[in-house]
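Starting from 1, each residue takes its place in the sequence as its number.
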Amino acid sequence: MKDQNKTPLFDALKKYNNDKVISFDVPGHKKNPLGLKEFSDVLGEEILRLDANSMKQLDHLSNPMGVIKEAEGLMAEAYGSDHSFFLVNGTTSGVQAMIMSAVKPGEKIILPRNAHKSAVNALILSAAIPVYIQPEIDEKLGISTGISVRKLEEAIAENPDAKAVFLMNPTYYGAISNLTRIINLSHRNGMAVLVDEAHGAHLSFSEELPKNAMRMGADMAAVSLHKTGGSLTQSSALLLNEGFVDSNTVKTVLNLTQTTSASYLLMGSLDVARKNLVVNGEEIFKRILGWVREARTRLNAIEGVCAFGPETIGNKGVYDFDETKLGINVNQLGHTGFEVYDILRDEYNIQVELSDTYNILAIISVGDTRENIFALVEAIEDIAEKYRRSPLTVKCIPLSNPEIIVSPRSAFYANKKILSLDDAVGQISGESIMAYPPGIPIVTPGEKITQEMVDYIKLLKEEHTTLTGTEDPEVDKIKVLGMN
Ligand SMILES: Cc1ncc(COP(=O)(O)O)c(C=O)c1O
């Protein structure tokens, strides 16, 4: 067991600051507030002094041998893995590195259809061939949950040559799939298990929270410490258990796209966030879970509001539940989640993580206070009183598995023409369309565009969901494969 009270990278950074090193390297602000005055007037001079570049004393992210290596060792141990790699371009870069390390061009990877866009984009980079599994759907709440072992068994039986299985732990709304069975099943069939833990950086840091994927035996996991672990935005970690993928391969893959000027502010924050989670996590999450449970009870006392949680365990695709995800179903109030999301922001100064047609999601994390959590509860109580309308019925439109005509990478590089959405029905898509948040693709490059997809896109547009992915900012037109 290492000394998890240590913060080797952050300590080296503080020493660099105290040493008052005279800089003839980059960054060009040279730690002089005049180098970036307006910025340092607001953020303070210290931020410039700590904004260093790689050097012997601070190590190099591309080939760590000193304090970064030591800090990565502590991170690996904190998450129960053999290795960790600090990331300064978010979990997006970790998801891409996992897929590119485990799956070669033309090889198959099994993944849920609601995988984040970073995974779908990784298919373009890696030239891997997707085999999609439809996630389970909670029809009452209108959300997707985890993946079922039965569907994975079917996908494996039909694609025994697949090299890896990719999944999310937990989902945005907190659902956890049966990881033990999924990992055993995948390993028995010679497939690596790659886990998107963008929303699970806090898992395992309290007895009361579900276990993280690496502790359950996954091969790799990409973890957004910046989302629920307390570190600065963009800072994440990639974790590896040796076996299916070796650490040198991962390092080489990461260095394909990783900056050669990694931010020490981001990496220093990873070091401190890891220490905080290990040393104080039990106490922090005990406190937070107490507040969340109290908040759920109060929210569920409001007629028409359902703050769903662990009682969904046992429903389709929910094997366990991360209680720090406070999902609130609002359709019985007669409003879409999108509307409540806007009302909260515009009238109550409250920003929640995401919304969909029927729900909003508040993420409760290391920095939350009781006061903040109950400001949200009171706002929902107020909204229920002031804005109640007749209930909306949940119209869940589970999309069918897409028909993949060409690989995402071939589609990405093919000739394309632009058509209206209606004219594009039956054509092969050259673009993705995502609803963001929560970042679930409706169509991705290489798939046949169906009437069902176009109808769903139109519905989302009526609900004013942010749709992205097409060159056309209005998403009225889409690129399809072929010449004009
Ligand atoms: C499920 C999921 N995976 C991956 C990512 C990418 O993470 P990051 O923003 O750290 O790059 C996100 C971000 O929202 C996400 O929600």
Side-chain angles (χ1 to χ4, degrees), residues 92-135 147 151-152 154-168 186 189-194 196 220 222 244-245 249-250 252-253 256-257 399-419 421 424-434 439-450 452-454 457 468-471 478-484:
T92 296
S93 60
V95 165
Q96 290 169 354
M98 289 198 291
I99 295 180
M100 290 170 77
S101 303
V103 190
K104 294 198 179 71
E107 291 182 342
K108 291 180 187 166
I109 176 167
I110 299 173
L111 70 168
R113 184 60 183 161
N114 61 344
H116 183 254
K117 68 177 176 182
S118 55
V120 178
N121 290 342
L123 300 174
I124 297 174
L125 292 174
S126 66
I129 309 294
V131 174
Y132 289 113
I133 307 183
Q134 287 297 339
I147 57 171
K151 282 192 191 157
L152 179 60
E154 285 167 11
I156 290 178
E158 283 166 25
N159 302 277
D161 53 339
K163 297 293 174 205
V165 172
F166 179 93
L167 67 141
M168 237 187 295
S186 308
N189 287 279
M191 299 174 194
V193 179
L194 317 177
D196 176 349
M220 298 181 85
F244 279 85
V245 182
T249 306
V250 179
T252 307
V253 169
L256 284 178
T257 51
L399 291 169
S400 335
N401 255 345
E403 194 182 339
I404 300 168
I405 312 289
V406 301
S407 77
R409 186 181 175 91
S410 304
F412 184 80
Y413 285 110
N415 286 324
K416 298 183 191 76
K417 58 183 178 183
I418 297 180
L419 294 180
L421 281 179
V425 173
Q427 304 281 327
I428 305 171
S429 183
E431 290 184 297
S432 295
I433 298 185
M434 323 259 184
I440 297 173
I442 297 158
V443 64
T444 69
E447 295 168 3
K448 191 164 162 186
I449 300 170
T450 61
E452 184 194 24
M453 289 172 179
V454 170
I457 292 162
T468 61
T470 52
E471 242 175 50
I478 184 166
K479 281 194 199 159
V480 300
L481 268 56
M483 305 279 254
N484 271 320

Could you tell me which non-hydrogen atom of Lys417 sits nearest to which non-hydrogen atom of Met483, and how far apart they are?
CD-O, 3.5 Å
If we only count heavy atoms from C-beta on, is the Leu152 to Ser186 side-chain gap below 4.5 Å?
yes
For Lys117 versus Met434, what's the shortest heavy-atom pair and its separation?
CB-CE, 3.0 Å
If we ignore hydrogens and angles and just use 3.5 Å, is the side chain of Arg409 paired with the main-chain N or O of Leu123 as donor and acceptor?
no
side-chain hydrogen bond (donor to acceptor under 3.5 Å, both in side chains) partners of residues 101-112, not counting sequence neighbours, each pair once:
Lys108-Asn159, Lys108-Asp161
Shortest non-hydrogen pair, Ala164 vs Val103, comes out as CB-CG2, 3.8 Å
Atom pair NE2 (His116) and OG1 (Thr92), whose distance is rounded to the nearest 0.5 Å:
5.5 Å
Checking side chain to side chain contact (heavy atoms under 4.5 Å, CB included) for the pair Ile418/Val480: CA distance, chi angles, key distance, verdict?
CA-CA 6 Å; Ile418 297 180; Val480 300; over 6 Å; no
Taking C-beta and beyond as the side chain, do Val193 and Leu167 meet within less than 4.5 Å on heavy atoms?
yes
Quick check against the 3.5 Å criterion: does Thr249 have a side-chain atom that pairs as donor or acceptor with the backbone of Val245?
no
Test side-chain contact (heavy atoms from CB on, under 4.5 Å), reference Ile449, set Val443, Leu421, Ile457, output is Val443
Could you walk me through whether Ile99 and Leu194 satisfy the side chain to side chain contact (heavy atoms under 4.5 Å, CB included) test, starting with their C-alpha distance in whole Å, then the side-chain angles of each, then the deciding distance to 0.1 Å, before giving a yes or no?
CA-CA 8 Å; Ile99 295 180; Leu194 317 177; 4.2 Å; yes
What are the two closest heavy atoms between Ser429 and Leu481, and how far apart are they?
O-CD1, 3.4 Å
Taking atom CD1 of Ile147 and atom CD1 of Ile133, what is their separation to the nearest 0.5 Å?
4.5 Å
State whether the side chain of Lys448 and the backbone N or O of Pro402 hold a donor-acceptor pair below 3.5 Å, judged by distance alone.
no
Mind checking whether Ile109 and Met191 have side chains closer than 4.5 Å, heavy atoms only?
no
Closest non-hydrogen contact found for Pro112 with Phe166 is CD-O, 3.0 Å
How long is the straight-line distance from NZ of Lys163 back to CG of Asn189, given to the nearest 0.5 Å?
11.5 Å
Go through Ile110 and Tyr132 one step at a time and tell me if the side chain to side chain contact (heavy atoms under 4.5 Å, CB included) criterion holds.
CA-CA 6 Å; Ile110 299 173; Tyr132 289 113; over 6 Å; no
Kindly say whether Ala128 contributes a backbone atom to a donor-acceptor pair with the side chain of Ser126 at under 3.5 angstrom?
yes
Could you grab the distance from atom CG of Asp196 to atom OG of Ser118, nearest 0.5 Å is fine?
5.5 Å
Separation of Ser93 OG from Leu256 CG (nearest 0.5 Å)
12.0 Å
Ignoring hydrogens and geometry, is there a side-chain-to-backbone donor-acceptor pair from Lys416 to Ala411 under 3.5 Å?
yes
Once you round to the nearest 0.5 Å, how far does CG of Leu125 lie from OG1 of Thr257?
8.0 Å
Run Gln427 and Leu419 through side chain to side chain contact (heavy atoms under 4.5 Å, CB included) and show every step you take.
CA-CA 10 Å; Gln427 304 281 327; Leu419 294 180; 3.9 Å; yes
Run the salt bridge (charged side-chain N to carboxylate O under 4.0 Å, His left out) check on Glu447 and Arg113 step by step: do they pass?
CA-CA 13 Å; Glu447 295 168 3; Arg113 184 60 183 161; 2.7 Å; yes
Is Phe412 atom CZ crowded by more than 12 heavy atoms from other residues, nucleotides or ligands, each under 6.0 Å away?
no
How far apart are the closest heavy atoms of Pro135 and Lys151, and which atoms are they?
O-NZ, 4.1 Å
